[in-house]
Protein chains: 6
Amino acid sequence: MKVAVFRKEHFNAAHRLYNPNWSDNENERVFGKCNNPNWHGHNYELIVKLVGEPDPDTGYVYDMKKLSDLIKQEVLEKFDHKNLNLDVPEFEKTNPTAENIVILIYNILREKIESRLDLKITLYETERNYVEYPAS
Amino acid sequence: MKVAVFRKEHFNAAHRLYNPNWSDNENERVFGKCNNPNWHGHNYELIVKLVGEPDPDTGYVYDMKKLSDLIKQEVLEKFDHKNLNLDVPEFEKTNPTAENIVILIYNILREKIESRLDLKITLYETERNYVEYPAS
Amino acid sequence: MKVAVFRKEHFNAAHRLYNPNWSDNENERVFGKCNNPNWHGHNYELIVKLVGEPDPDTGYVYDMKKLSDLIKQEVLEKFDHKNLNLDVPEFEKTNPTAENIVILIYNILREKIESRLDLKITLYETERNYVEYPAS
Amino acid sequence: MKVAVFRKEHFNAAHRLYNPNWSDNENERVFGKCNNPNWHGHNYELIVKLVGEPDPDTGYVYDMKKLSDLIKQEVLEKFDHKNLNLDVPEFEKTNPTAENIVILIYNILREKIESRLDLKITLYETERNYVEYPAS
Amino acid sequence: MKVAVFRKEHFNAAHRLYNPNWSDNENERVFGKCNNPNWHGHNYELIVKLVGEPDPDTGYVYDMKKLSDLIKQEVLEKFDHKNLNLDVPEFEKTNPTAENIVILIYNILREKIESRLDLKITLYETERNYVEYPAS
Amino acid sequence: MKVAVFRKEHFNAAHRLYNPNWSDNENERVFGKCNNPNWHGHNYELIVKLVGEPDPDTGYVYDMKKLSDLIKQEVLEKFDHKNLNLDVPEFEKTNPTAENIVILIYNILREKIESRLDLKITLYETERNYVEYPAS
């Protein structure tokens, strides 16, 4: 009798897409205007999904207030109003594509959420481009 | 060759979250402002998903007009502009959390939808908090 | 060179529409299911609009962080997770229709916002019903 | 370590629902106002989901610019500002219900997307009616 | 002490843009793919705004249920699931652009709404294209 | 018989808010996390409103395709995937707050739109913070 619960949060960040092992021309060819060396940015919308059985005493799978606080402390504190390439150590050598950001957010939260609960992250980079991890 | 079809409806309701076996302090600690004894309320958005093969004569998995009418008759009639704790008998002793509401809606509709069709319910309590049952 | 700035916030509340001077039948006839004596509720979306000249030093008409804090302190503290009829003294004898709520919010904020700034409030009761005061 | 990536596009089209083997009365009974012989229309929102492993050099499962161009060329060119019954040969004898449109879009794109990537299509006919293929 | 109240409704329709006094080439040049002789269509979102003083007994500027019923009877009945060019007599010789549709809806409702109330109509043809009449 | 027409576009950009004449402490105090020297960013949503009389031959106040092209050429080309402080000369000495961006966009488009048409710009920095110029 498992129920999924979802909490939506958001953060704003700057980033640049490029591969430091490639020439400027190659980066331009592959990443186009996302490769602007002066950065650009997004309003990221983040959805955290937990799956588990509701607690019989509370009727909660997870307290949404606690989940919101956890996301703020572990994710937004690290990403919000930041430059993903410069301010987030994990992206020093990894390209901050939506795919790599969603995997990092999953790994951060996976350690903080009890293992009895399944976890999935959805990340909107724009209203028209978004990603999900792990993929269903 | 199964296709999923989705129908979105909405209802407005009042509720209060608390466990009658607990002290006022314990209810306050766990449910915070959701425990207001004078109630609060939400615009609930409800999405009903059916999965099956399209009928070769109509091209429909299910007639959306019929599904909308069924949801109105079986769910909205019971929940819309109601107090979930006081007006819905199933919540006399069960806490009307989003998790428990979505399970009840599933159980109500599961009896009315042919068993050849899979059923899943998504329920938005706010734009930022929502639940799904059964969880995928 | 006046610019308008807008800040959106939300609160959840229960209410009931009725006129205590009328019979039950008359209240039922006029307010229909909104007259449920056990209450119902909404997710209210609130938009506060200020109009003024940007400050040349900051480029701000008003600091959005300060405006958000002001709305939280003066409006959400009073309305969020409350029963508008029972918990808000101004609605003891006034019907908490969207029209009357938006006028009250305007009056509360008008006292707290410098008079050099024009003020307008928009209040969504549902996605399909909303009000604005003062009307433009 | 599979990630899902999503791209949203839209198109506007006219259509009519009916079964040419049925009487006018039968079509009227089953399809109601969707059977208007003078057509009606929709703003369709289309979401294409691809599942695969991110490329270690780019951090992309798929270049969203390339996916957008592919959808424009293979799907929007064929459906946008068209009459689905008259202008799309596949619907000469097939009823253009949302179910049949989403299957056709899947079949068109499945041939153009590398087989290492899973594909799923979601199609909104209105904000309240939508379909998904293959169903999860 | 005037308050504005808004009600949102929607309808789906087919149409074609062209000027019968022009050559095919000229119509093609001006209206592009909107000139498809086989029609295309939209989900139109309609917002009706009324401005007036709230009634002291009800707290309503206008009963939203009555407004919704009026829009359904006078506007949706005429436009929903219709071909605007073929099924709406007013567009026999007038091009059904969003501008001309919004003026027609205003004229229809203006006759049915008490003159003490100001009226404005907003019409979304797509999420990205919309019109308002009278213009403020 | 004036009608307003609206066109919505979007761009993504990085920026930083600060006043170069102030100390780091003062900038931190006033602009908070928006003052991150490594930048942050947003998905900006832009709405351009034109007011005029519909042309009797076309039924258009303005061709939306032409308006979209004009916005792309004059505004998006300059702002999209850019760093507003570094890549937009007008913000070399002006703080790129939403207020200052919306005034700049107005000034750019005002020169390109016939003077018979009124112009207003709305700019969303996030879903909850937006601005309008000139203010109505």
Side-chain angles (χ1 to χ4, degrees), chain A residues 1-12 43-76 80 105-106 109-110 113-124 127 130 132-136, chain B residues 4 15-23 26-36 40 42 44-47 49 51 84-85 88 90-107 110 118-136:
Chain A
M1 236 188 56
K2 291 195 167 179
V3 178
V5 299
F6 300 81
R7 175 70 193 172
K8 191 175 172 187
E9 300 283 350
H10 65 99
F11 60 92
N12 310 314
N43 301 332
Y44 290 92
E45 293 284 341
L46 169 68
I47 300 172
V48 175
K49 175 189 184 183
L50 301 180
V51 175
E53 304 217 0
D55 178 285
D57 285 336
T58 60
Y60 280 168
V61 168
Y62 203 93
D63 181 332
M64 285 294 98
K65 178 73 174 59
K66 269 181 57 186
L67 183 56
S68 174
D69 289 346
L70 182 72
I71 300 169
K72 283 189 180 105
Q73 180 185 308
E74 302 295 330
V75 180
L76 304 195
D80 188 34
I105 293 174
Y106 174 87
L109 290 177
R110 186 62 281 182
I113 303 276
E114 300 86 311
S115 61
R116 69 176 173 88
L117 297 166
D118 291 334
L119 172 66
K120 184 193 296 287
I121 312 292
T122 304
L123 182 72
Y124 282 75
E127 200 196 347
Y130 57 105
E132 190 181 270
Y133 180 76
S136 60
Chain B
H15 76 158
R16 173 199 179 184
L17 299 186
Y18 75 113
N19 182 328
N21 302 319
W22 289 355
S23 69
E26 184 64 2
N27 273 306
E28 179 66 20
R29 194 186 60 76
V30 172
F31 296 111
K33 56 190 182 174
C34 297
N35 180 41
N36 179 359
H40 67 283
H42 297 289
Y44 290 92
E45 293 284 341
L46 169 67
I47 300 172
K49 175 189 183 183
V51 175
L84 299 179
N85 305 68
V88 179
E90 288 88 342
F91 291 126
E92 207 181 328
K93 293 182 177 168
T94 302
N95 204 10
T97 56
E99 289 90 331
N100 284 332
I101 303 170
V102 80
I103 293 171
L104 175 57
I105 293 174
Y106 175 87
N107 289 337
R110 185 64 281 180
D118 291 333
L119 172 67
K120 185 193 296 287
I121 311 292
T122 304
L123 182 73
Y124 283 75
E125 195 169 86
T126 71
E127 199 196 348
R128 300 198 166 268
N129 289 338
Y130 57 105
V131 297
E132 188 182 271
Y133 179 77
S136 60

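In what follows, chains carry the letters A, B, and so on, assigned in the order in which the sequence lines appear, proteins first and then strands, with residues in each chain numbered from 1.
One distance of note links CD1 of I105(B) with CD1 of I47(B); it measures 11.5 Å at 0.5 Å rounding.
Looking at V102(B), the atoms closer than 4.5 Å to chain A (heavy atoms on both sides) all sit in the side chain, from C-beta outward. Neither the backbone nor the side chain of L123(B) comes within contact range of chain A; no heavy atoms are under 4.5 Å apart. Using a 4.5 Å cut-off between heavy atoms, V51(A) touches chain B through its side chain atoms alone.
Taking all atoms of both residues into account, the shortest heavy-atom contact from A135(B) to A4(A) is CB-N, 3.6 Å. Of all heavy-atom pairs spanning I101(B) and P96(B), the tightest one is CD1-O, 3.5 Å. Smallest separation of non-hydrogen atoms from P134(A) and L119(A): CD-O, 3.5 Å.
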Cross-chain donor-acceptor list, chain A and chain B, 3.5 Å limit, no angles:
from, atom 1, to, atom 2, distance (Å)
K2(A), O, A135(B), N, 3.2
A4(A), N, E132(B), O, 2.9
A4(A), O, E132(B), N, 2.9
F6(A), N, Y130(B), O, 2.7
F6(A), O, Y130(B), N, 3.2
R7(A), NH1, N129(B), OD1, 2.8
K8(A), N, R128(B), O, 3.0
K8(A), O, R128(B), NH1, 3.1
K49(A), NZ, S136(B), O, 3.1
D57(A), O, N19(B), ND2, 2.9
T58(A), O, N95(B), ND2, 3.1
G59(A), O, T97(B), OG1, 2.8
V61(A), N, E99(B), OE2, 2.8

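In this structure the side chain of L70(A) reaches within 4.5 angstrom of the side chain of I113(A), judged on heavy atoms. Taking the side chain as every heavy atom from C-beta outward, N12(A) and D80(A) approach each other to under 4.5 Å.
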